[in-house]
Amino acid sequence: MDRTLSLEFARVVEAAALRSGRLLGRGQKDAADGLAVDAMRQAFDSVRISGTVVIGEGEIDEAPMLYIGEHVGAGGPEVDIAVDPIEGTNLIAKGQNGAIAVMAIAEKGGLLHAPDMYMEKLCVGPRGAGAIDITKSLTENIKNVAAKMERSVEEITLVMLDRERHQGLMKEAREVGARIMLISDGDVNPAMECCIEGSGVHMVVGTGGAPEGVLAAAALKCVGGDMQARLKPETDEEIRRCHEMGITDVNQVLTLDDLVRTDDVIFAATAITRGNLLNPIQYFPGGARTHTIVMRSKTGTVRFLDTVHMDDKLKSLKAK
Ligand code: VTB
Ligand code: MG
Ligand code: MG
């Protein structure tokens, strides 16, 4: 993938964030999602790729746009694309922190085609890489990551979704003495935050969406972070889908290289609401300012784009 595509992908996530961020706190999660999908889809039209959506808004019969299998882009190198135009629609609807517009692009076949089911995840940044083992207890993992990062366990901050199913993990993490941030939604954002030293986020643990797991893996892959995961099919249909993907043993541990099977991946995200790494969108009369991260695995380059968008100028350009 051409490195200049990075900037094009930044524009795509910016567009999704900018359009949907207007609905902050308005209680309209579906409307916000619709705006983001629309904006992202439109932004792809001018990007010189032949992209196939492998992780998107749903199957062809349930999503009008950015459905799995949809082709996007203006033509160019063949790539696979994973998108989540809004990761955390509830967060936008309620005006809460942690909502992002996010996507990952990889060479064809590079991303696990994770169906919409649950996935158990364990993520760490580059300094904790090699110290995780999802088959071990969380207690052991926290201790091993702390040792690898040359920190005390009390200096490890982990993030998990605030869910009943995580009571056991919460108890373990509290007993071992780690710091915990419980979030109501959006587990890609903290995985992305693990990638960057200074974000204050060191681990992400627990069960969330499998599609989100692949997006998280793409981010971690870019910087040399680490992740292990296990699919959690709950119905026969979901088990069948695992088999279809070539996963015969559903308890199989998926490593970072199973989730992202290429060294050529780009990850891009724009914050809609505030995160530990990215500033929220700020709207002002006549425009807005966005904060975006773009990471590229080939070089390990991480770019932060702090961008001012002038609506009036853009509108008059389009009218010409
Ligand atoms: C998970 C998580 C996502 O939705 O999919 C969650 O990975 C849904 O989990 O980041 P529940 O079924 O427990 O509500 C998100 O939080 C947002 O898409
Ligand atoms: Mg979404
Ligand atoms: Mg999501």
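Numbering of residues begins at 1 and proceeds along the displayed sequence. Atoms within a ligand are numbered from 1 in the order they appear, just like the ligands themselves.
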Heteroatom proximity flag, G88 to ligand 1, N/O under 3.5 Å: no
N/O separation below 3.5 Å, S184 to ligand 1: no
D2 atom CG, neighbour heavy-atom count above 12 within 6.0 Å: yes
Neighbour count >12 (heavy atoms, 6.0 Å) for atom CZ, R165: yes
Please could you name the atoms of ligand 1 that [X] approaches to less than 4.0 Å, counting only its heavy atoms?
{"X": "G209", "answer": "1 (C), 2 (C), 5 (O), 7 (O)"}
{"X": "D185", "answer": "4 (O), 6 (C), 15 (C), 16 (O), 17 (C)"}
{"X": "E87", "answer": "3 (C), 10 (O), 17 (C), 18 (O)"}

Is there a donor-acceptor contact under 3.5 Å linking the side chains of [X] and [Y]?
{"X": "N144", "Y": "E140", "value": "no"}
{"X": "T270", "Y": "E14", "value": "no"}
{"X": "Q228", "Y": "T255", "value": "no"}
{"X": "S50", "Y": "H71", "value": "no"}

The Mg ion (ligand 2) neighbourhood, protein N/O/S only, threshold under 2.8 Å: D84 OD1, I86 O
Heavy-atom gap M119 to ligand 1 smaller than 4.0 Å: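 Outside the 4.0 Å threshold, so no.
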Test item, D187 contacting ligand 1 (heavy atom, 4.0 angstrom):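 Flag set, D187 near ligand 1.
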I180/R174 under side-chain contact (heavy atoms from CB on, under 4.5 Å): CA gap, chis, key distance, verdict: CA-CA 8 Å; I180 309 162; R174 284 173 178 159; 3.4 Å; yes
Of the N, O or S atoms in E212, the one nearest the Mg ion (ligand 3):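 Nearest to the Mg ion (ligand 3) within E212's N, O and S set: OE2.
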Nearest candidate to atom 8 (C) of ligand 1, where distance is taken over non-hydrogen atoms, out of K121, R163, H166, M117: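 Nearest heavy atom to atom 8 (C) of ligand 1 lies in R163.
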Under-4.0 Å salt bridge between E237 and R240: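 Yes.
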Pair D187 + R163, salt bridge at N-O below 4.0 Å: no
Residues L161, H166; criterion side-chain contact (heavy atoms from CB on, under 4.5 Å); working and verdict: CA-CA 8 Å; L161 287 163; H166 292 158; 3.9 Å; yes
Side-chain donor or acceptor of T273 paired with backbone N/O of A99 under 3.5 Å: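 It does hold such a pair.
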Residue, atom name and distance, where the atom is the protein heavy atom closest to atom 11 (P) of ligand 1: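 Result for atom 11 (P) of ligand 1: Y118 OH, 3.3 Å.
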